[in-house]
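What follows is a short report on a single structure.
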Amino acid sequence: MVTLKAPYVAGFLGFREAPPLLQTLEKLKNELPDLMPQVLFVDGNGLFHSRECGLACHLGVQADLPCVGVAKNLLHLDGVVKSDEHQSQSSSKPVYVSVGHRISLATAVSLTHRCCLYRVPEPIRQADLRSREYLRSHILAPDVS
DNA sequence: GCGACAG
DNA sequence: ATCTTGTCGC
């Protein structure tokens, strides 16, 4: 019996990503409680969302943990426009930080800055790199013979 | 109406 | 997100 992951639908990323993330947090709490995070970083938006409830809010509320959303692309919402600087400065690769849950925007931005060695915060970057490596070696790897 | 629209 | 060719910089 396999569980199909919900498809990605713009505006509903949380419905696809929150379930497996919560499952992983639950497993972490049971097996490695010392590694339970005090704060969550999410690859996506929080209050910056069409319904002010992006993945960062969705996950933060269900996990009952502070959560900050960091998106790599600007979600187009009416009233939101890229500044002229971002439009013309091709070298600018901004990230969009928004409140997820139990944290202020000022703290979310500060925390993001302090966790960035590269463009995105290390927690998100490492999750991305390590998960891809896992898939490459355990799932997508062709036969070695 | 269609495309665009976090990942 | 994924795929994919090439380029630039440390």
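So that the names make sense, note that chain A is the first sequence line, chain B the second, and so on, each numbered from 1.
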For [N], take OP1 and OP2 only and decide whether either is under 4.0 Å from a side-chain N or O of [X].
X       : N     : result
A/Lys72 : B/dA6 : no
A/Tyr8  : B/dA6 : yes
A/Arg16 : C/dA1 : no
A/Asn73 : B/dG7 : yes

Kindly assign one of parallel, tilted or perpendicular to the pair A/Phe12 and A/Phe15, based on the angle between their ring planes and the thresholds 30° and 60°. tilted

Just the rounded figure in Å: distance from [atom2] of [N] to [atom1] of [X].
X        : N     : atom1 : atom2 : answer
A/Leu77  : B/dA6 : CG    : C1'   : 10 Å
A/Tyr96  : B/dA6 : OH    : C1'   : 11 Å
A/Asp128 : C/dA1 : CG    : P     : 6 Å
A/Leu75  : B/dA4 : CG    : C1'   : 11 Å
A/Arg51  : B/dA6 : CZ    : C1'   : 13 Å
A/Phe41  : B/dA6 : CZ    : P     : 21 Å
A/Glu52  : B/dA6 : CD    : C1'   : 16 Å
A/Arg119 : B/dA6 : CZ    : P     : 13 Å

What I want to check is whether the side chains of A/Thr107 and A/Ser110 have a donor and an acceptor closer together than 3.5 Å. no

Looking only at C/dA1, B/dC5, B/dA6, the nucleotide nearest the A/His76 side chain is B/dC5

From B/dG7, B/dC5, C/dA1, nucleotide with atom closest to A/Arg132 side chain: C/dA1

Distance-only, no hydrogens or angles: does the A/Thr24 side chain make a donor-acceptor pair with backbone N or O of A/Pro20 under 3.5 Å? yes

Is the backbone N or O of A/Pro94 less than 3.5 Å from a side-chain atom of A/Arg119, with the two atoms forming a donor-acceptor pair by type? yes

Same-atom distance ([atom1]) from [N] to [M], integer angstrom:
N     : M     : atom1 : answer
B/dA4 : C/dA1 : C1'   : 16 Å
C/dT2 : B/dG3 : P     : 23 Å
B/dC2 : C/dC3 : C1'   : 25 Å

Answer with base, sugar-phosphate or nothing: what part of the nucleic acid does [X] contact at a heavy-atom distance below 4.0 Å?
X       : answer
A/Asp43 : sugar-phosphate
A/Leu55 : base
A/Phe12 : base

Is the number of heavy atoms from other residues, nucleotides or ligands under 6.0 Å of A/Gln23 CD greater than 12? no

